Amino acid sequence: MPTILKIQGGKPLKGTIEISGAKNSALPLMVACLLTDKPFILSNVPNLADIRTITQVLETLGVIAHEDGNTRTLNASNIISTTAPYELVKTMRASVLVLGPLLARFGHAKVSLPGGCALGARAIDVHLEGLRAMGVTCDLEEGYVIAKAPKDGLKGAHFTMRVVSVGATENLMLAASIAKGETVLQNAAREPEIIDLANCLNAMGADVQGAGTDTITIQGVDSLNGTQYKVMPDRLETGSYAMASLITGGDLTLTNTSLKYLPMVRETLEKAGAVFEELDNGFRVAQKGPIIGVDVMTEPYPGFATDLQAPFMALMSVCEGASMITETIFENRFMHVPELARMGANIQVHGASAMIRGVKNLSGAPVMATDIRAGIGMVVAALAAKGETTISRLYHLDRGYETLEAKLQACGAVVERHKAEI
Ligand code: EPU
């Protein structure tokens, strides 16, 4: 049964929100279980739709998965298939991450091409180019990539990525960890989730150096062990709630997280008038004075995250002055603009840039979540808007925000989930 969120805006958020484990780290970390026949235990895994999808992908391959609260035990000792089917890959592109580890451990894999998504074409050509450099042959048959490693296994390679890709960097790190010899990935993604994956692989006995820089060097080892590993905090959930605090004139403490994952976001929000106080296990964030318009360009890490562009646009829609937001990562990531306009925002899009002229107030309206982050943009806007906002297509939000309404309610937000009237 589809559900909707009803939010009565205008209440300053005050209190503490505990940040969950990072979805975008947990996904590749769970896939890493395919590299070993030993038990693999991950803690701080968020309970989210995307985590259920990757679990289903792994189970289709033969992985035995156990769930205990936020801990997942995964055992890939009895793999029965090396095919990731279209039905699962089309609902979540990160499913293609199984390609690298399956090729490395079993020598073959059949993975559906994901197709387009709400954010644009989002090809996986760089993933495949990197694997080809490691000796893999890839054919396309009926929408599936049929990939085969050389008879004597994947070979380490020196590979420079044409575009900085988080997913391709992860896929190739996973593959290279048990390939023969040295792999050097140049122009690699530098996101904190890449460092998390490297740390976990090294805890399994891999030799991955340089994660967090644009050059990652991996010395392949014969085999990997199981391990116990804790997923890093979700920096995107963290940034989203920080913006919710600011737009409502609230005062939030975010725990189990750190500002160190958000350097550019912090700098940008400070220019907009935010005040941060670092604490042992997180930070406090509140707005001082009016929200000032700041220009932003999304970029690969350490730049401003594309995944925080929509909630930042919501914040800027009530700024003093104006803000120019330029999206450089995805070609189609302004789907939230017409939704924000329904709430009274004044936004003009020119190609990859949006000019936001601040308005005094947003007003509640029925709107849609068009992807995970557009959805949280709507939530941030609704929390400050006058009157009631109804957000539909909640399945997008449920992919990325664990217990969203409970976390907001605990800080004074008036938000409720209802069954949608059809
Ligand atoms: N690209 C290519 N070819 C490739 C791979 C990527 O052209 O083979 C392009 C993409 O089309 C895009 C750019 O490179 O224009 C960056 O894509 P990237 O591969 O870095 O993105 P991703 O790995 O598919 C991850 C996150 C996204 C996040 C992006 C960018 C996960 C599971 N997903 O996607 O998160 O927006 O990096 O930081 O880690 C989300 O959580 O809502 C989300 C979409």
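Atoms within a ligand are numbered from 1 in the order they appear, just like the ligands themselves. Everything numeric here is computed off the predicted structure, so don't read it as measured data.
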For Val164 against Ala189, the heavy-atom pair lying closest together: CG1-CA, 3.5 Å
Check: Glu170 N/O within less than 3.5 Å of ligand 1 N/O: no
Closest heavy-atom pair and its distance - Leu224, Ala206: CD2-N, 3.4 Å
Numbering as shown, the atoms of ligand 1 that approach Phe330 to under 4.0 Å (heavy-atom distance): 12 (C), 15 (O), 29 (C), 36 (O)
Arg333 vs Arg373 side-chain heavy atoms within contact, under 4.5 Å: yes
Any side-chain donor near an acceptor of the partner, Asp196 and Tyr229, under 3.5 Å: yes
Ligand 1-proximal atoms of Glu327, by part, heavy-atom distance under 4.0 Å: neither
Residue Lys23 vicinity, atoms of ligand 1 by number, heavy atom under 4.0 Å: 40 (C), 41 (O)
N/O separation below 3.5 Å, Val126 to ligand 1: yes
Side chains of Leu404 and Val379 in contact at under 4.5 Å (non-hydrogen atoms): yes
Residue part near ligand 1, for Thr306, under 4.0 Å between non-hydrogen atoms: side chain
Short side-chain donor-acceptor distance under 3.5 Å, Thr255 and Glu18: no
Structural part of His127 in contact with ligand 1, heavy atom criterion under 4.0 angstrom: both
Pair Glu416-His418, side-chain donor/acceptor within less than 3.5 Å: yes
Atom indices of ligand 1 within 4.0 angstrom of Ile124 heavy atoms, with elements: 4 (C), 8 (O)
Nearest neighbour of atom 33 (N) of ligand 1 from the list Asn24, Val163, Val164, Leu236, on a heavy-atom basis: Asn24
Tyr144 and Tyr86 aromatic centres sub-6.0 Å: no
Atom indices of ligand 1, in the order listed, that fall short of 4.0 Å to a heavy atom of Asp307: 27 (C), 28 (C), 35 (O), 36 (O), 40 (C), 42 (O), 43 (C), 44 (C)
Under the salt bridge (Lys or Arg N to Asp or Glu O under 4.0 Å) test, residues paired with Arg342 that sit two or more places apart: none
Min heavy-atom dist His396 to ligand 1 below 4.0 Å: no
Part of Val166 within contact of ligand 1 (heavy atoms, under 4.0 Å): both
From Ala168, Ser95, Ala123 - option closest to atom 5 (C) of ligand 1 by heavy atom: Ala123
Contacting atoms of ligand 1, where contact means under 4.0 angstrom from a heavy atom of Arg373: 40 (C), 41 (O), 42 (O)
Any side-chain heavy-atom pair of Leu58 and Met30 under 4.5 Å: yes
Which of the ligand 1 atoms, numbered from 1, are nearer than 4.0 Å to a heavy atom of Arg333: 36 (O), 42 (O), 44 (C)
Close-contact set for ligand 1 against Gly167 heavy atoms, below 4.0 Å: 19 (O), 23 (O)
Region of Ile372 engaging ligand 1 - heavy atom pairs below 4.0 Å: side chain
Best match, Ser165, Pro300, Gly400: closest heavy atom to atom 6 (C) of ligand 1: Ser165
Per atom 16 (C) of ligand 1, closest listed option by heavy atom (Thr169, Val96, Ile329): Ile329
Residue part near ligand 1, for Glu331, under 4.0 Å between non-hydrogen atoms: neither
Pairing residues for Glu270 by the salt bridge (Lys or Arg N to Asp or Glu O under 4.0 Å) criterion, not counting sequence neighbours: Arg266
Carboxylate-amine/guanidinium contact Arg417 Asp398, below 4.0 Å: yes
